[in-house]
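Since we're looking at a predicted model, the values are computed, not measured. The first residue in the sequence is number 1, and the count goes up from there.
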Amino acid sequence: MNIGFDAKRAFHNDTGLGYYSRTLIRLLAEYYPDHQYYLFNPKPSKRFTMQGENLHEILPSRFPDTLLRSVWRSSRVRHDMKRLGIDVYHGLSHEIPVGIRKSGIKSVVTIHDLMPERFPEHYKPIDVKIYHRKFLYACRESDHIIAISDQTKQDIIEFYGIPAEKISICLQSCSPVFKEMVSDEEKQRVAEKYGLPPQFYLSVGTIIERKNLLNVCKAFYLLRNDVDAPLVVIGNGGKYKQQVKDFILQHHLEKKIIFLSERKKPGDHDFLTTKDLAVIYQSALAMLYPSFFEGFGAPILEALWSRLPVITSNVSCMPEVGGSAALYVDPNSATEIAEAILKIYTDPQLVADMKAKGLEHTKKFAPDIYAASIMDVYRQVVGK
């Protein structure tokens with residue numbers, strides 16, 4: 001098959017959607033090398049590369065596409081798909097080109113979550129309207145939908161009225177680098193590079209209200225005399241991040257909460273690479289991820305693969321991803337979060353049990369199983 005992808009985020013995005021895109025494309029190219037993969041990228045990238053004998057980057061090459069690159073991605077790209085004989089096109093992040101059904105090219109779309117529908121108050125009103133239109137169009141016009149969790153599938157059914165049989169749940173995997181155990185020397189190298197403390201808890205994710213970092217900081221305040229290990233935060237944010245920093249300043253937690261992403265120097269493209277991130281995971285005491293709502297919660301899986309205990313929420317899809325391996329808390333309760341942090345800090349047998357359960361649980365997210373589930377959707381849609 002000739003398989004096309006909306007590769008904008010694969011080449012340009014360093015957050016979850018970009019990571020999802022790159023991981024999936026690389027796994028498919030590795031496990032199914034007989035197919036050809038065409039990566040439709042609206043503009044050249046200096047951030048990420050995707051190379052391989054069966055990987056082909058396609059850029060807009062003719063006027064007016066070279067001038068109107070966003071229009072090319074959202075609509076006119078279908079002309080290049082026809083020229084290249086694309087059998088199925090995969091919109092990796094909520095979107096498919098307008099008019100693709102009329103072109104005769106089969107399409108699949110991944111829906112990660114419907115946050116603008118569930119939490120419209122967290123977005124600008126105009127953005128809510130734009131997202132609603134794009135997401136609904138993709139769900140209605142695509143030949144099949146991939147949901148990254150059962151939570152997301154149920155949201156698609158609830159908000160858009162899409163038949164359940166049109167939606168497949170494909171539990172995503174993560175980069176194999178997280179599963180590769182690193183040496184003490186490598187941990188020391190990364191610790192020196194980023195100035196990491198000897199012991200620390202870890203929080204990974206965009207610093208927005210839904211991710212609940214403020215309650216985590218409140219938990220560390222409650223434990224200020226009981227736990228010496230600080231929290232290392234990887235992620236950036238805006239207004240909510242400032243709210244969190246105000247709390248830290250008011251409660252004298254500057255030494256307890258470390259914003260690692262703020263240490264990046266301009267032009268440093270070697271900062272927090274996936275390889276370094278995996279080492280940081282393996283160096284931490286536990287992952288703190290008490291989010292109020294997620295479409296999947298990739299850091300939970302990355303942590304489990306890294307033999308890192310996870311403290312997460314007892315709501316949304318978090319129990320689906322964490323299984324029996326995680327400690328679950330009420331995300332509204334800083335006290336419950338604090339109690340879980342203290343358990344990890346004081347109970348080595350609990351930590352050992354959680355690591356073992358986590359490694360067993362990750363088997364259902366194995367890369368080959370994930371790639372096969374996606375390829376099965378392509379074959380179903382194309383009929384090959």
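A donor-acceptor pair under 3.5 Å links the side-chain atoms of Ser74 to the main chain of Ser70, judged by distance alone. In terms of modelled atom types and a separation under 3.5 Å, the side chain of Thr152 and the main chain of His112 share a donor-acceptor contact.
The environment of OH in Tyr345 is crowded: more than 12 heavy-atom neighbours from other residues, nucleotides or ligands sit within 6.0 Å. Counted within 6.0 Å of NZ on Lys275, heavy atoms from surrounding residues, nucleotides or ligands total 12 or fewer; the atom is thus considered open. The 12-atom threshold is exceeded at NZ of Lys187, counting heavy atoms of other residues, nucleotides or ligands nearer than 6.0 Å.
Side-chain contact, His90 with Thr110: a donor N or O sits under 3.5 Å from an acceptor N or O. For the 3.5 Å distance criterion, the side chains of Gln380 and Asp376 fail to qualify, holding no donor opposite an acceptor. Side chain to side chain, Asp276 and Tyr194 meet the donor-acceptor criterion of an N or O pair below 3.5 Å. With hydrogens and angles left out, the side-chain atoms of Ser93 and Arg9 include a donor and acceptor closer than 3.5 Å. For the residue pair Gln188 and Asp184, no side-chain donor N or O sits within less than 3.5 Å of a side-chain acceptor on the partner.
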Can you check salt bridge (charged side-chain N to carboxylate O under 4.0 Å, His left out) on Arg189 and Glu186, steps first, answer last?
CA-CA 5 Å; Arg189 179 192 70 81; Glu186 182 67 0; 2.8 Å; yes
Expected list for residues 364-371: side-chain donor-acceptor pairs under 3.5 angstrom, two or more places apart:
none

Taking only distance into account, with no hydrogens and no angle test, what donor-acceptor pairs under 3.5 Å do side-chain atoms of residues 297-306 form with protein atoms, sequence neighbours excluded?
unit_1 : atom_1 : unit_2 : atom_2 : d
Glu302 : OE1    : Tyr281 : OH     : 2.5
Ser306 : OG     : Phe178 : O      : 3.4
Ser306 : OG     : Glu302 : O      : 2.7

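Each of Glu57, Arg73, Arg69 was checked for a side-chain hydrogen bond (donor to acceptor under 3.5 Å, both in side chains) with Asn41, and the lone residue meeting it is Glu57.
With sequence neighbours left out, Glu262 forms a salt bridge (charged side-chain N to carboxylate O under 4.0 Å, His left out) with Lys241, Lys245. Scanning for side-chain hydrogen bond (donor to acceptor under 3.5 Å, both in side chains) contacts around Asp353 gives Gln349, with sequence neighbours left out. Looking at residues two or more places apart in sequence or on another chain, you find a salt bridge (charged side-chain N to carboxylate O under 4.0 Å, His left out) between Arg210 and Glu294. Under the side-chain hydrogen bond (donor to acceptor under 3.5 Å, both in side chains) criterion, Arg263 pairs with no residue, sequence neighbours left out.
A distance of 11.0 Å separates CG in Asp228 from CG in Leu223, rounded to the nearest 0.5 Å.
Hydrophobic clustering of Ile, Leu, Val, Met, Phe, Trp and Tyr side chains at less than 4.5 Å, counting indirect connections, keeps Met318 apart from Ile337. Leu27 and Leu39 fall within a single hydrophobic cluster, where Ile, Leu, Val, Met, Phe, Trp and Tyr are joined by side-chain heavy atoms under 4.5 Å apart, directly or via other members. No single ILVMFWY cluster, assembled from side-chain heavy atoms under 4.5 Å apart, contains both Leu222 and Phe247. By the criterion of side-chain heavy atoms lying less than 4.5 angstrom apart, applied directly or through intervening Ile, Leu, Val, Met, Phe, Trp or Tyr residues, Ile100 is not grouped with Ile3; the two fall into different hydrophobic clusters. A continuous path of ILVMFWY side-chain contacts below 4.5 Å connects Ile280 to Leu308, so both sit in one hydrophobic cluster.
Heavy atoms only, all atoms of each residue included: Tyr328 and Gly323 are closest at OH-O, 2.6 Å. In terms of heavy-atom proximity, Pro44 sits nearest to Leu59 at N-CD2, 3.7 Å.
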